[in-house]
Amino acid sequence: MASFGMQSPRRKKVVYSDRYIPSRSGVDLQAAFSLSQTDDLSACPSNNNEAMDLDQRKEQEANRTFSTVLKNELFGDNINLAGTSNKPTDQITPPRSSSDNGSTSASERTPRQATNFFSYQSPNRSRPTSTSIENDIYSLSPVRVDSQRLLLSPTKKPRSIAKVPYRVLDAPELVDDFYLNLLDWGSQDVLGVGLGSSVYLWNASSGSVDKLCDLGDSDKITSLSWIGTGTHLAVGTNTGLVQIWDAQTSKCTRTMTGHTQRASSLAWNEHILTSGSKDKTILHRDVRQPEHYMKKLTHHKQEVCGLKWNVEENKLASGGNDNKLYVWDGLNDTPLHRFEHNAAIKAISWSPHQRGILASGGGTTDRRIKIWNTLNGNKLSDIDTGSQVCNLCWSINSVELVSTHGYSRNQVMIWKYPQMSQVASLTGHTYRVLYLSLSPDGQTIVTGSGDETLRFWNVFDKNKNESGPQSVLLDAFTQLR
Ligand SMILES: *[C@@H]1O[C@H](CO)[C@@H](O)[C@H](O)[C@H]1NC(C)=O
Ligand SMILES: *[C@@H]1O[C@H](CO)[C@@H](O)[C@H](O)[C@H]1NC(C)=O
Ligand SMILES: *[C@@H]1O[C@H](CO)[C@@H](O)[C@H](O)[C@H]1NC(C)=O
Ligand SMILES: *[C@@H]1O[C@H](CO)[C@@H](O)[C@H](O)[C@H]1NC(C)=O
């Protein structure tokens, strides 16, 4: 049996590679430099724009720029960047005017007029008159000023998101259970994952894997969550225990009872550890106190599978299999808000960008992502994603949101907020993508599913405010590219 952290050669070889080699058939220069009116993209091997690989798009963009420059040079079409927008259907060739009689200005010329461009002509007639003719004459560059401007001007690049994970780790025994929370990437850059009765820690800086604990045959891991400082990991079990483990020493420092069924969700607020359970209750505990138990919330009528603290605003959001989403003010046991979906709510994420903004996603019979303003209780957005929403996470580096899904494509989607427009859709998992966590630097997400793999995707740009070295993991990524 493969052990955690091994990258199975079968999967690596057949399904994934670190590089995508774009197919260049149909996008060679001959084809792209087409003077006819036909859309040169029709020759592109991919007729699905959404699936079109970034490399192909970049290449087409380069080809378009090249042919524009060539036409500028040869025919003085004076085409500017508007002719090289990212829209794949853009035509560069201006429409051929039937009233064209040879005395019109350069910008209206069509390539057909210039069929004799190899014949000798004096400099002032070989090229069409342009406003910058003087600059051209005294310029040292062989390329005309118009073309230079075109080449130097910044092009609008399509957002580059790699469509394949840059790393796949085997995670044997990663359970396909919607209600569990088995993946958390802590602030010390260590990823915790619950596999069967064990918790493994993967140090992202060094790539090393350590087994933190093993509960034996009698119990299973059902949830885990790093404390804010990343030094201790809370672990919830199938029998309802909540344990706290010191990651440095790999020692269990506390075992807390209180739940009568599995502890499916955990969330930290400083020294307060909150746990949600299949016994329908939420417990607040102060882990500094010998008598840890503080409060029990009993509003949910079914399993509490989603639990997230907003530490800055001291608010808790809890989602349940009863299709309810409650927002709580601190440890107050009267909810501030009660929101709903038409299915279980596990996917919950607080916006790191705007006060009081909460995103939630519903399961199979709901499939919606809703955005709430918890300051006034208003719903700000409500979109149908077309598939079960298993998990949600805001980006910390950009105002975007990741959602992971189940049937039918088991995809990972990136959304731009507040437009809620789709930025990317990433596929690869063969089971629903139940588990999701964001790296502390905000650039990488890790997803886990019942296909027993963890996949690492580089989806967000570096926070521009941040400087200095990133983790080795990201260095490795840049080397791979
Ligand atoms: C060319 O066409 C323009 C407008 O169509 C007209 O004003 C001009 O006289 C024409 N010149 C010649 C040489 O036919
Ligand atoms: C080139 O332009 C100059 C000045 O504009 C003019 O004197 C000359 O006759 C032109 N030559 C030709 C071949 O048109
Ligand atoms: C991760 O590995 C690096 C390099 O070996 C080490 O310096 C760091 O302390 C480790 N992090 C944790 C939290 O153990
Ligand atoms: C970057 O810093 C500026 C000023 O400190 C701040 O307004 C902005 O929100 C920051 N951007 C991000 C993405 O953190």
Side-chain angles (χ1 to χ4, degrees), residues 2-7 18 165-174 181-215 221 223-237 242-255 266-273 287-288 308-309 311 352 393 395-397 435-448 453-460 462-463 466-481:
S3 62
F4 170 64
M6 299 306 291
Q7 196 162 346
D18 293 318
Y166 68 90
R167 171 174 274 140
V168 180
L169 295 182
D170 272 354
E173 292 186 64
L174 185 59
N181 291 278
L182 297 175
L183 201 56
D184 195 26
W185 201 329
S187 58
Q188 305 268 331
D189 214 9
V190 177
L191 180 69
V193 54
L195 303 176
S197 59
S198 306
V199 173
Y200 289 86
L201 301 184
W202 183 76
N203 180 333
S205 309
S206 65
S208 64
V209 175
D210 290 302
K211 189 192 251 190
L212 179 70
C213 66
D214 192 340
L215 305 178
I221 309 295
S223 55
L224 44 80
S225 178
W226 285 103
I227 195 170
T229 53
T231 55
H232 291 73
L233 185 72
V235 174
T237 80
V242 175
Q243 301 183 331
I244 296 174
W245 287 78
D246 183 330
Q248 211 66 54
T249 61
S250 295
K251 291 252 172 5
C252 179
T253 57
R254 276 198 96 147
T255 297
L266 292 166
W268 288 93
N269 182 1
E270 310 288 351
H271 52 273
I272 306 290
L273 174 59
V287 300
R288 298 171 307 178
K308 292 283 165 69
W309 271 107
V311 176
C393 186
S395 163
I396 53 175
N397 297 348
Y435 313 112
L436 167 70
S437 197
L438 183 70
S439 65
D441 64 22
Q443 289 181 266
T444 302
I445 56 166
V446 57
T447 57
T453 61
L454 300 181
R455 287 162 204 245
F456 295 77
W457 315 79
N458 195 282
V459 289
F460 297 118
K462 207 178 234 168
N463 189 344
E466 240 178 73
S467 53
Q470 300 289 318
S471 73
V472 171
L473 185 138
L474 294 153
D475 294 342
F477 176 68
T478 31
Q479 280 161 21
L480 287 175
R481 301 206 64 181

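When a ligand or atom number is given, it counts from 1 through the structure's own listing order.
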Asks: Does the side chain of Ile221 come within less than 4.5 Å of Leu195's, by heavy atoms?
Replies: no

Asks: Can you report which non-hydrogen protein atom sits closest to atom 5 (O) of ligand 3, along with the distance?
Replies: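 Looking only at protein heavy atoms, the one closest to atom 5 (O) of ligand 3 is Ser206 CB, 3.5 Å.
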
Asks: Look at atom 13 (C) of ligand 3 and say which protein heavy atom is nearest, naming residue and atom and giving the distance to 0.1 Å.
Replies: Val190 CG2, 3.4 Å

Asks: Checking a contact table here: which protein heavy atom is nearest atom 6 (C) of ligand 3, and how many Å away?
Replies: Asn203 ND2, 4.1 Å

Asks: Just wondering, do Leu454 and Thr447 contact through their side chains at under 4.5 Å, heavy atoms?
Replies: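 No, side chains not in contact.
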
Asks: For residues Leu233 and Leu201, determine if any side-chain heavy atom of one lies less than 4.5 Å from a side-chain heavy atom of the other.
Replies: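 In contact.
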
Asks: Aromatic rings Phe456 and Trp185: how do their planes relate, parallel, tilted or perpendicular, breaks at 30° and 60°?
Replies: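 If you compare the ring of Phe456 with that of Trp185, the planes turn out perpendicular.
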
